[in-house]
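Let me begin by presenting the structure, written as structure tokens, before commenting on it.
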There are 2 protein chains.
Amino acid sequence: MAPTLKEVAKEAGVAISTASGILTERPDSWASESTRKRVQEAANRLGYEANRYARGLRIGSFQTIGLLVPDLLNPVYTVYARAIQEALEKAGYSLTVEEAKASLKGESAAVKKLLASQVDGILCFFMDMKAHEKLFTKQKNNNLPMVFFGDSYPNSGIDNVQIDFGRGTKEAIEELIKLGHSNIGVLYGYHPVPKERERADSRMEFFQTVLSKHDLPFPESNLLKSGHTMQNAYDRFKEYLDSTDPTDRVSAVFAINDILALGVMRAAIDHGLSIPEDLSIIGVDNTPMSQFSPIALSSVGYPIREIARTATDFLISRLQGDKEAQREVMFSTHLVHRESIAPPAVEVV
Amino acid sequence: MAPTLKEVAKEAGVAISTASGILTERPDSWASESTRKRVQEAANRLGYEANRYARGLRIGSFQTIGLLVPDLLNPVYTVYARAIQEALEKAGYSLTVEEAKASLKGESAAVKKLLASQVDGILCFFMDMKAHEKLFTKQKNNNLPMVFFGDSYPNSGIDNVQIDFGRGTKEAIEELIKLGHSNIGVLYGYHPVPKERERADSRMEFFQTVLSKHDLPFPESNLLKSGHTMQNAYDRFKEYLDSTDPTDRVSAVFAINDILALGVMRAAIDHGLSIPEDLSIIGVDNTPMSQFSPIALSSVGYPIREIARTATDFLISRLQGDKEAQREVMFSTHLVHRESIAPPAVEVV
DNA sequence: CTGAAAGCGCTAACAG
DNA sequence: CTGTTAGCGCTTTCAG
């Protein structure tokens, strides 16, 4: 239905190869200015747009890269996605994004789609990298360039960009300790990974390291697991508050991302607590919502757009044939101090 | 690089046409169970995935539909996008989304991309529908099914789904009036439309209608225009507060969407106002963030997912050849009353 | 079931 | 510049 090259050529009264050469601006097109003009005008008149799939089929590339993210409902990933899209656009690539919808099953389905979608390269945020062996065999067999966010796959030739949550987490927890907190909880749950890999998240590990460095206990009951939505965090923390004696209750919670932190905050408020007097809260990602929240959320931030650009640049260089050794770059994090933290209330017994 | 049908057929020792018939589950494939199995296994072994673009080229459809949204950084559109994607998936279609990035120029670019992308149909949220004549000629010439969100294009055969902001806006404003507010401001700015179409947004019109029905004045100075981000709304309202005598200051503001409302709220807080005592705020969209905000935001809500499904169903039926008369369906809105509104503080002069 | 052949829209090489 | 040709990977038809 849409006009084809053939029709444009006919309309302009030129050969199809001439039209092709002009419209794709091939350097060896010797067309004169007048024919050029004639072809361009014919194309415009007909509303011609090259069929990129036919072209892709022919040249062996659809100039598209795939992005896998866990959950687009978490705003941090839409920020990533946009930064990636912008970086790719400059290089002439399109982006197609697949989301895992925060489930392992969804992640597998998304990986499968990505593999089937004829992309030239792949960018991945995994919840559970280990679950995708197929991806790696494909990568090896077909030499499909990939770069990972947060996961490292040694000796694979797969570049990756890492976020070192060490500094930010340390700053966050030590800030809480300095404020006088000693009973600190952590809420996680974004990643629905299998049990055996469950506590591998570096944010959790750093959290516990800092605690023990300061000789603070960390009872199992301070480890709160929830689902990945605000509602999940809300429900989980509500349940915690309802079932915990106020004397034992944590005076601060570190949530593994901002939306979870906001769910915790809302649950605390509905429980009658004042933030930050009765409960200090810190999130991670430093999304705009943390800044604009009516009780501004302290959050561990990192340079999202720069990270996205770096990963994209890695991928693009591989697409252009770069055979350098596997690259791995680490970005640092830092605490952004806002209203949601304060010294713990004096215990009124 | 990726395995082709030919290779699979060879691996399984069958004819290429047989393999095709089996893998696409063509009903007229007379293959025996054993050949079927052989082909499936060969495909798995090689990691075969049909090249959907080659197929699309052949069958004349890429089974893809395009979605145009103003700005994915506004969470309401990611909710829409996901609902649409899910509805399409059931029908065997893929979704490709283009965003205008909240600029008219971006919108034109996005429309252009959509037109060039060989989609089978298009779903659109426009900021400025009138700016895209090309779309309509394309639609007419190529019979490309489209459905619009919020815009109606009479006698075009383009189905649309509308949101009637009348009821929700009325409820919102009358609730404010009932609470005792008489000096109510409105903040808008999402749509960067040309001057002459600027005040056409139905939310604004309803707002003013309700005001005048209650004989309330609406000075031009209560009409606040900002950009489309939280930061924009924040800056705009901060400026308003800084430049307005407290005696003249609005006691309530109706913002055209939730993220703008939250920007206003934060600006008010930073100005030393208490919410809702010193300022009542109402948003629109009823996104999760309004519910979980530490000061929960009252918001005009509507059934997003149902709207998305309806539009998608319209499109799918058109794709299946439905020639019914142009459809138009209207969804209603209602106020969700939360913490951000209260009677105005007694004037302490 | 096989094998051949055509064609979707495009690029690219080549002889005129 | 033209016109032809081949082929990207696939579907589909048709004679064996």
Side-chain angles (χ1 to χ4, degrees), chain A residues 1-40 42-43 46-64 92 94 115-120 142, chain B residues 1-40 42-43 46-64 92 94 115-120 142:
Chain A
M1 217 67 179
T4 68
L5 224 207
K6 200 169 150 191
E7 292 168 336
V8 173
K10 193 174 168 193
E11 173 87 6
V14 301
I16 176 169
S17 47
T18 312
S20 171
I22 290 170
L23 293 172
T24 56
E25 289 165 350
R26 218 176 299 140
D28 59 330
S29 166
W30 278 52
S32 68
E33 268 316 308
S34 69
T35 28
R36 254 174 227 292
K37 209 166 166 183
R38 220 146 25 92
V39 171
Q40 292 290 6
L46 298 182
Y48 172 77
E49 296 284 355
N51 184 324
R52 50 185 297 224
Y53 303 121
R55 164 184 285 161
L57 204 54
R58 179 60 233 243
I59 68 176
S61 156
F62 297 97
Q63 300 289 100
T64 297
S94 295
L115 252 20
S117 63
Q118 321 296 329
V119 291
D120 297 314
N142 299 6
Chain B
M1 219 64 183
T4 68
L5 223 207
K6 200 170 151 191
E7 292 167 338
V8 173
K10 194 174 168 192
E11 173 88 6
V14 301
I16 176 169
S17 47
T18 312
S20 171
I22 291 170
L23 292 172
T24 55
E25 289 164 348
R26 219 176 301 137
D28 60 331
S29 166
W30 278 53
S32 68
E33 270 314 309
S34 69
T35 25
R36 254 171 227 291
K37 210 167 165 182
R38 220 146 25 91
V39 170
Q40 292 289 4
L46 298 181
Y48 172 77
E49 297 283 357
N51 185 323
R52 52 185 296 225
Y53 303 121
R55 164 183 286 161
L57 205 54
R58 178 60 232 243
I59 68 177
S61 156
F62 297 97
Q63 300 289 100
T64 297
S94 295
L115 252 20
S117 62
Q118 321 294 328
V119 291
D120 297 314
N142 299 7

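Letters go in sequence order (proteins before strands), and every chain restarts at 1.
- For C/dG9, neither phosphate oxygen OP1 nor OP2 lies less than 4.0 angstrom from any side-chain nitrogen or oxygen of A/Arg58.
- Heavy atoms of B/Arg52 sit nowhere under 4.0 angstrom from any nucleic acid atom.
- Counting to the nearest Å, the C1' atom of D/dC10 and the CD atom of B/Gln118 are 17 Å from each other.
- Atom-to-atom, CD1 of A/Ile22 to C1' of C/dC10 comes out at 16 Å; the value is rounded to the nearest Å.
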Derivation of the side chain to side chain donor-acceptor pair (under 3.5 Å) call for B/Thr64 and B/Arg52
CA-CA 10 Å; B/Thr64 297; B/Arg52 52 185 296 225; 2.8 Å; yes
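- Two residues, A/Arg55 and B/Ile16, neighbour DNA chain C, and the one matched to the more 5' nucleotide by heavy-atom proximity is B/Ile16.
- When B/Val39, B/Val8, B/Ile22 are each tested for a side chain to side chain contact (heavy atoms under 4.5 Å, CB included) with B/Val14, only one passes: B/Val39.
- Residue contacts for B/Tyr48: at a heavy-atom cut-off of 4.0 Å it reaches the sugar-phosphate backbone alone, with no base atom in range.
- Contacts of B/Thr35 with the nucleic acid, taken as non-hydrogen atoms under 4.0 Å apart, involve only primed sugar atoms and P, OP1 or OP2.
- Spacing between atom CG of A/Leu5 and atom C1' of D/dG3 amounts to 14 Å, rounded to whole angstrom units.
- At the heavy-atom level, B/Ile59 lies under 4.0 Å from the strands shown only through sugar-phosphate atoms.
- Between the NZ atom of B/Lys6 and the P atom of D/dT12 there is a distance of 20 Å, rounded to whole Å.
- For the pair B/Leu23 CG and D/dT11 P, the interatomic distance rounds to 8 Å; values are reported in whole Å.
- B/Gln63 has its CD atom 14 Å from the C1' atom of D/dC10, to the nearest Å.
- Remark: B/Gln118 CD to B/Gln63 CD distance equals 14.0 Å, nearest 0.5 Å.
- Rounded to whole Å, the distance from CZ on B/Arg26 to P on D/dC14 is 13 Å.
- A/Asn51 places its CG atom 18 Å from the P atom of C/dG7, with the value rounded to the nearest Å.
- Heavy-atom nearest nucleotides on DNA chain D were determined for A/Gly13 and for B/Glu49, and the one closer to the 5' end corresponds to A/Gly13.
- Between B/Ser20 and D/dT11 there is a side-chain N or O to OP1 or OP2 distance below 4.0 Å.
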Side chain to side chain donor-acceptor pair (under 3.5 Å), that's the test. Do B/Arg26 and B/Ser20 meet it? Break it down for me.
CA-CA 8 Å; B/Arg26 219 176 301 137; B/Ser20 171; 2.7 Å; yes
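- Of the candidates D/dT2, C/dT2, D/dC10, the closest approach to any side-chain atom of B/Ala15 belongs to C/dT2.
- Phosphate proximity of D/dT2 to A/Thr18: present, with a side-chain N or O under 4.0 Å from OP1 or OP2.
- Summarising the geometry, atom CG belonging to A/Leu57 is positioned 6.0 Å from atom CG belonging to B/Asn51; distances are rounded to the nearest 0.5 Å.
- If you find the closest nucleotide of DNA chain D to B/Leu57 and to B/Ser17, the one lying nearer the 5' end belongs to B/Leu57.
- Of the side-chain N and O atoms in A/Thr4, none sit less than 4.0 angstrom from OP1 or OP2 of C/dG9.
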